[in-house]
S.K.: 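Sharing a structure below in structure tokens format, with a few things to ask.
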There are 2 protein chains.
Amino acid sequence: MKCKSNTYHIFFRNLANPIKTKIISALKEKEMSVSEISKKIKVEQSKLSHALASLRFCSIVQSKQRGKQRIYYLNKQTIIPILKIIDKHKCKFCKYK
Amino acid sequence: MKCKSNTYHIFFRNLANPIKTKIISALKEKEMSVSEISKKIKVEQSKLSHALASLRFCSIVQSKQRGKQRIYYLNKQTIIPILKIIDKHKCKFCKYK
DNA sequence: AACTCATATGAATTATTTTTCATATGAAAT
DNA sequence: ATTTCATATGAAAAATAATTCATATGAGTT
């Protein structure tokens, strides 16, 4: 399955959204259920579910069922190298404070 | 100058936009004036100037004057490592075709 | 099978980004 | 100093994305 160049902006929409980046940061520490994430980053459930759907869609997170809860975890293989680079460069990136 | 975590989404807004990623791709080959970019990626001048302002703002591109023309070039130090990772992973990223 | 708890989904609203278009600026040439 | 060519800017309109809220689904419990 080959992909067109110039489609990666769809992936980066996820990193361009503060709630989604907060989810990613939270999941860097450990896998969590939706309600745990919600409590941790103080985002309401439905909003979170929409954000998670988008992250899932681009394979940034994956999930598994545990009882009634759905556990989300980072798909580290794809996202961690990018996060490393961000950590390294983010202070130079932008003139925003 | 220290920067807050969770602000890097502002940087990634640039990569989340197809015109901006096209500009980046074009400038990977060589530096170009606005009108050259415009011709190359078939984007109208004013739209391009707005996009370039945003890229400039986040230090993704820089520019210099050459006669009447303004030459844009990639700030490779910050963007190239990210592009490398994108090239490596982009086929896995997303379920879009 | 009815109930509860956890999460997902859809549609309408709201907010944010992009696009467009008219105009301003700025460098070089006359 | 006026004109021309190249680019930038601002504001309104259009497009797109995020939020909200009501409701659906689905796993486990009774």
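Nothing here was measured: the structure is a model prediction, and the numbers come from that model. Each chain gets a letter, A, B and so on, in the order its sequence line appears, and its residues count up from 1.
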S.K.: For A/Phe12 and C/dT17, give me the distance from atom CZ to atom P, rounded to whole Å.
M.R.: 18 Å
S.K.: Assuming nearest nucleotide by heavy-atom distance, tell me which of B/Lys68 and A/Leu52 is located more 5' along DNA chain C.
M.R.: A/Leu52
S.K.: Closer than 3.5 angstrom, by distance alone: can the side chain of A/Glu36 be matched with the main-chain N or O of A/Ser33 as a donor-acceptor pair?
M.R.: yes
S.K.: Determine the contact category for A/Gln45: base if any of its heavy atoms lies under 4.0 Å from a base atom, sugar-phosphate if only primed atoms, P, OP1 or OP2 are that close, otherwise nothing.
M.R.: base
S.K.: Checking the side chain of B/Gln69 only, and the main-chain atoms of B/Ile71 only, is there a donor and an acceptor separated by less than 3.5 Å?
M.R.: no
S.K.: Classify the nucleic acid contact of B/Leu48 as base, sugar-phosphate or nothing, counting any heavy atom under 4.0 Å across all strands shown.
M.R.: nothing
S.K.: Would you say B/His50 stacks on C/dT19, if stacking means ring centres under 5.5 Å apart and planes within less than 30 degrees?
M.R.: no
S.K.: What's the closest nucleotide to the side chain of A/Tyr72 if the choices are D/dT19, C/dA8, D/dA18?
M.R.: C/dA8
S.K.: Please report, rounded to the nearest Å, how far the C1' atom of C/dT18 is from the NE2 atom of A/His9.
M.R.: 13 Å
S.K.: Please determine, for the side chain of A/Arg13, which listed nucleotide (D/dT7, D/dA17, D/dA18) has the closest atom?
M.R.: D/dA17
S.K.: What is the distance, rounded to the nearest whole Å, between atom CD1 of A/Ile19 and atom C1' of D/dA18?
M.R.: 8 Å
S.K.: Report yes if some heavy atom in the side chain of A/Ser38 is under 4.5 Å from a heavy atom in the side chain of A/Val43; otherwise report no.
M.R.: no
S.K.: Atom CD of B/Gln69 to atom P of D/dT4: distance rounded to whole Å?
M.R.: 19 Å
S.K.: Ignoring hydrogens and angles, answer whether the base of C/dT19 and the side-chain atoms of B/Ser46 contain a donor-acceptor pair closer than 3.5 Å.
M.R.: no
S.K.: For A/Glu44 and D/dT23, what is the distance between atoms CD and P respectively, to the nearest whole Å?
M.R.: 15 Å
S.K.: Determine: side-chain N/O of B/Arg56 to OP1/OP2 of D/dA8, distance under 4.0 Å, yes or no.
M.R.: yes
S.K.: May I have the distance from B/Ile37 (atom CD1) to D/dA8 (atom C1'), rounded to whole angstrom?
M.R.: 14 Å
S.K.: Run the side-chain contact (heavy atoms from CB on, under 4.5 Å) test on A/Leu48 and A/Tyr72 for me, step by step, so that the C-alpha distance in whole Å, both residues' side-chain angles and the decisive distance to 0.1 Å come before the verdict.
M.R.: CA-CA 12 Å; A/Leu48 202 49; A/Tyr72 279 88; over 6 Å; no
S.K.: In this structure, would B/Ile23 and B/Ile80 fall into the same cluster of hydrophobic residues linked by side-chain contacts under 4.5 Å?
M.R.: yes
S.K.: So what does A/Ser35 hit on the nucleic acid, given a heavy-atom distance under 4.0 Å: a base, only sugar-phosphate, or nothing?
M.R.: sugar-phosphate
S.K.: Given C/dA8, C/dA6, D/dA8, identify the nucleotide with an atom nearest to the side chain of B/Val34.
M.R.: D/dA8
S.K.: A/Lys39 has an atom NZ; how far is it from atom C1' of C/dA6, in whole Å?
M.R.: 15 Å
S.K.: Looking only at side-chain atoms of B/Ser49, point me to the closest of D/dT9, C/dT9, D/dT4.
M.R.: D/dT9
S.K.: Of A/Asn17 and A/Gln65, whose nearest nucleotide on DNA chain D comes first from the 5' end?
M.R.: A/Asn17
S.K.: In whole Å, what is the span from the CG atom of B/Leu15 to the P atom of C/dT18?
M.R.: 12 Å
S.K.: Tell me, do B/Phe12 and B/Asn17 make a side-chain contact under 4.5 Å, heavy atoms counted?
M.R.: no
S.K.: Between A/Lys47 and D/dC21, is there a contact of a side-chain N or O with OP1 or OP2 at under 4.0 Å?
M.R.: no
